[in-house]
Amino acid sequence: AVLGQPWLPGQIGAALNGQAVPQTPSLETQHNVVLELYRDELDHHMERVGVRHARKHLAAALDVAEATAGQPLSAEIRRRVLTSEVAAHVFSALNEAYDDLQWRAAA
């Protein structure tokens, strides 16, 4: 359940402790978290392995972002995020994905 939403354990912990449950982060915050986690993945595994290893996490993060936006992401942008072999291209596609979702959510 945490895949794509690393803030979920904090929300669950708050609920279990009878505290106010924090809202799901904004798309902007989700974008920043995804970029940070992706950088960490690349630092840990290096680019060749990290790009591929991170794909399931990025796919889940995009699913959560789509749910937050209430709009689907462009299939072409999603494909570029999840199939690129070059980390710089993935970063660029991630930025485009979150920009696209923020624009769609505002429309």
Side-chain angles (χ1 to χ4, degrees):
V2 173
L3 193 62
Q5 44 190 350
W7 51 85
L8 187 60
Q11 290 174 319
I12 293 170
L16 291 173
N17 289 319
Q19 300 169 341
V21 177
Q23 293 183 345
T24 297
S26 67
L27 285 171
E28 181 180 1
T29 300
Q30 290 180 36
H31 182 198
N32 292 332
V33 168
V34 167
L35 292 177
E36 183 179 339
L37 292 173
Y38 188 56
R39 279 187 203 97
D40 290 347
E41 188 81 25
L42 295 172
D43 287 346
H44 181 74
H45 291 289
M46 305 303 289
E47 183 169 357
R48 189 171 143 265
V49 173
V51 166
R52 290 179 178 214
H53 189 267
R55 287 181 178 157
K56 69 179 175 186
H57 300 281
L58 295 178
L62 292 175
D63 291 343
V64 171
E66 286 177 320
T68 301
Q71 298 289 327
L73 177 63
S74 156
E76 173 58 25
I77 296 172
R78 184 181 186 88
R79 183 194 62 75
R80 281 188 279 128
V81 169
L82 300 178
T83 62
S84 179
E85 296 289 330
V86 179
H89 296 169
V90 175
F91 278 115
S92 178
L94 280 170
N95 290 334
E96 189 175 353
Y98 281 88
D99 287 347
D100 181 64
L101 286 171
Q102 288 180 7
W103 180 83
R104 289 173 186 257

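For reference, positions follow the sequence shown, starting with 1. Just so you know, these numbers come straight off a predicted model, no measurement behind them. In what follows, every heavy atom counts, from backbone to side chain, and hydrogens, waters and symmetry copies are set aside.
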ask   = Yes or no on side-chain contact (heavy atoms from CB on, under 4.5 Å) for V64 and W7, after CA distance, side-chain angles and deciding distance?
value = CA-CA 12 Å; V64 171; W7 51 85; 3.7 Å; yes
ask   = Would Q102 and S26 satisfy side-chain contact (heavy atoms from CB on, under 4.5 Å), going step by step from the backbone distance to the final call?
value = CA-CA 9 Å; Q102 288 180 7; S26 67; over 6 Å; no
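Between the side chain of S84 and the backbone N or O of R80 there is no donor-acceptor pair closer than 3.5 Å. Side chain of N17 to backbone of G13: a donor-acceptor contact under 3.5 angstrom is found. Under a 3.5 Å cut-off, the side chain of Q30 and the backbone N or O of P25 do form a donor-acceptor pair. Panel note: side chain Q5, backbone A1; a donor-acceptor pair is recorded below 3.5 Å.
For Q23, the side-chain hydrogen bond (donor to acceptor under 3.5 Å, both in side chains) test picks out no residue, with sequence neighbours left out. With sequence neighbours left out, the side-chain hydrogen bond (donor to acceptor under 3.5 Å, both in side chains) criterion links R78 to D63.
Residues P9 and P6 come closest through the heavy atom pair CD-O, 3.3 Å. Taking each heavy atom of T24 and Q11 in turn, the nearest pair found is N-NE2, 3.4 Å. Nearest heavy atom pair, residue A105 against residue A69, reads CB-O, 3.7 Å. Across every non-hydrogen atom of P22 and A14, the tightest pair is CD-CB, 3.9 Å.
Ionic pairing of R55 and E85 is present here: one or more N-O contacts between side-chain nitrogen and carboxylate oxygen are shorter than 4.0 angstrom. Taking the charged nitrogens against the carboxylate oxygens, R39 and D43 have no contact shorter than 4.0 Å, which rules out a salt bridge.
For the 3.5 Å distance criterion, the side chains of E41 and H57 fail to qualify, holding no donor opposite an acceptor. If you check the side chains of H31 and N95, you find a donor sitting under 3.5 Å from an acceptor.
One hydrophobic cluster, built from ILVMFWY side chains closer than 4.5 Å, holds both V2 and L16.
R104 is listed as a side-chain neighbour of S74, based on a closest heavy-atom distance under 4.5 Å.
For the atom pair Q71 CD and W103 CH2, the distance stands at 9.0 Å (nearest 0.5 Å).
Other members of the hydrophobic cluster containing L42, listed by chain and number, are L27, V34, L35, Y38, V51, L58, L62, L73, I77, V81, L82, V90, F91, L94, Y98, L101; membership follows side-chain contacts under 4.5 Å among ILVMFWY residues, whether direct or relayed.
E76 CD: more than 12 foreign heavy atoms inside a 6.0 Å radius. In the displayed structure, H45 atom NE2 is contacted under 6.0 Å by more than 12 heavy atoms of other residues, nucleotides or ligands.
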